[in-house]
Asker: 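My questions all concern the structure below.
As the structure lists them, so they are numbered: ligands from 1, and atoms in each ligand from 1. This structure is a prediction, so every number in the text was calculated from the model and none was measured.
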Amino acid sequence: MSAPKPFFGANWKMHKGPSEARAFVRAFAGLHRPRPDAAVVFFPPSISLPAFREAAGRDDLELGVQDVHQETEGAHTGAISAGMAADAGAAWGLAGHSERRREFGDDDDLVAAKAARLVEAGLRPVLCVGETLEERDDGRLEAVLRRQLAAVVPTLPGAAARELVVAYEPVWAIGTGRTASPEDAADAHGTVRRELVEHLGPETADAIPIIYGGSVKPHNVDELLAAPGVDGALVGGASLDPEAFARICEAGAG
Ligand code: PGA
């Protein structure tokens with residue numbers, strides 16, 4: 001079984017409105033050569049999706065949405081639906097990012113509902129899982145990852161499960177400059193893979209990219225991607241800079 005295609009995600013969080021998104025894309029397009037052997041996916045704020053798409057003018061830079069509401073439409077002031085994100089050009093959606101879990105109360109059931117809405121709208125979910133420092137220190141890493149995956153993975157219809165990407169993002173490494181060691185990443189990715197196999201069987205599970213997120217930078221991306229079972233990166237801070245992210249997207253290129 002060949003390794004999944006590398007996946008590089010840029011999670012811009014609450015950065016870059018439409019004008020800044022356009023400026024970024026112009027700079028990035030001049031630095032990044034299309035890489036058919038990898039997926040490069042940007043998650044700008046949803047308000048910047050159309051500007052990004054128009055400025056990019058090339059299909060290899062794919063788009064995703066950072067968050068969607070758990071219902072398809074209705075009286076939910078301020079929210080956007082998965083269908084709207086698809087209409088605005090998104091092909092992917094994050095679900096379960098630790099900032100959503102912590103700041104907005106996205107618990108496992110809500111994450112599963114949001115993943116379901118993404119799938120129904122034809123978007124591919126990137127399911128984010130990861131432990132806090134306290135959970136790691138208490139020896140609960142494996143239990144937390146298994147719980148977060150078990151809440152969502154079995155609820156996905158078979159075809160959607162095959163389209164899934166899982167991002168392992170230790171909460172203590174996000175935005176802190178503290179990165180998991182390649183050994184820690186390999187160990188956690190092994191746990192994720194085993195849990196995926198349990199729910200989906202080896203054939204489907206082995207095709208799902210498991211990517212690492214948490215202070216990925218140009219200087220550490222190569223060693224992280226060289227770790228066993230690490231199929232790509234979800235990048236926050238360093239994805240805001242076109243040169244840094246273009247460099248990251250070259251990791252593992254033949
Ligand atoms: P970071 O964020 O690269 O700034 O640590 C990663 C993420 O939250 O996806």
Asker: Check whether any N or O atom of K217, backbone or side chain, sits under 3.5 Å from an N or O atom of ligand 1, and answer yes or no.
Answerer: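 Such a contact does not occur with ligand 1.
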
Asker: Once you restrict to heavy atoms under 4.0 Å, what part of A173 touches ligand 1? Side chain, backbone, both or neither.
Answerer: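 For A173, only backbone atoms sit under 4.0 Å from ligand 1.
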
Asker: Surrounding CZ of R58 (heavy atoms of other residues, nucleotides or ligands, distance under 6.0 Å), is the total greater than 12?
Answerer: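 Result for CZ/R58: enclosed.
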
Asker: Students should be able to answer this: which protein heavy-atom is nearest to atom 2 (O) of ligand 1, and at what distance?
Answerer: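 Answer, as residue, atom name and distance: K13 NZ, 3.2 Å.
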
Asker: Using a 4.0 Å cut-off to any heavy atom of G175, which atoms of ligand 1 qualify?
Answerer: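 Counting atoms of ligand 1 from 1, those under 4.0 Å from G175 are 1 (P), 4 (O), 5 (O).
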
Asker: What atoms in ligand 1 come closer than 4.0 Å to a heavy atom of S215?
Answerer: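 Counting from 1, the qualifying ligand atoms are 1 (P), 3 (O), 5 (O).
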
Asker: Thinking salt bridges, do R193 and D231 make one under a 4.0 Å N-O criterion?
Answerer: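 Salt bridge flag = yes for D231 with R193.
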
Asker: State the atoms of ligand 1, each with its element, that fall below the 4.0 Å cut-off from a heavy-atom position in G214.
Answerer: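 What qualifies from ligand 1 is 5 (O).
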
Asker: Side-chain heavy atoms under 4.5 angstrom apart, residues restricted to Ile, Leu, Val, Met, Phe, Trp, Tyr: same cluster for L123 and M84?
Answerer: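 L123 clusters together with M84.
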
Asker: Please confirm whether the ring centroid of F42 lies under 6.0 Å from the ring centroid of F28.
Answerer: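 Yes, the ring centres sit under 6.0 Å apart.
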
Asker: Looking only at protein heavy atoms, which one is nearest to atom 6 (C) of ligand 1, and how far off is it?
Answerer: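 Here the nearest protein heavy atom works out to G236 N, 3.5 Å.
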
Asker: May I ask you to list the atoms of ligand 1 that are less than 4.0 angstrom from any heavy atom of G237?
Answerer: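 Those qualifying, in numeric order: 1 (P), 3 (O), 4 (O).
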
Asker: Indicate the atoms forming the closest heavy-atom contact of L49 with A90, along with that distance.
Answerer: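 Looking at all heavy atoms of both residues, the shortest contact is CD1-CB, 4.4 Å.
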
Asker: Identify, for atom 9 (O) of ligand 1, the protein heavy atom at the shortest distance, and state residue, atom and that distance.
Answerer: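 That would be E169 OE2, 2.6 Å.
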
Asker: Please work out, at 4.0 Å between heavy atoms, whether the side chain, the backbone, both, or neither of N11 comes within that distance of ligand 1.
Answerer: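 N11 to ligand 1: side-chain contact only, backbone stays beyond 4.0 Å.
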
Asker: Starting from V165, can I reach V152 by hopping between I/L/V/M/F/W/Y residues whose side chains sit under 4.5 Å apart?
Answerer: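 No, no single cluster joins them.
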
Asker: What pair of heavy atoms forms the shortest contact from A161 to L200, and how long is it?
Answerer: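 Minimum heavy-atom contact is CB-CD2, 3.6 Å.
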
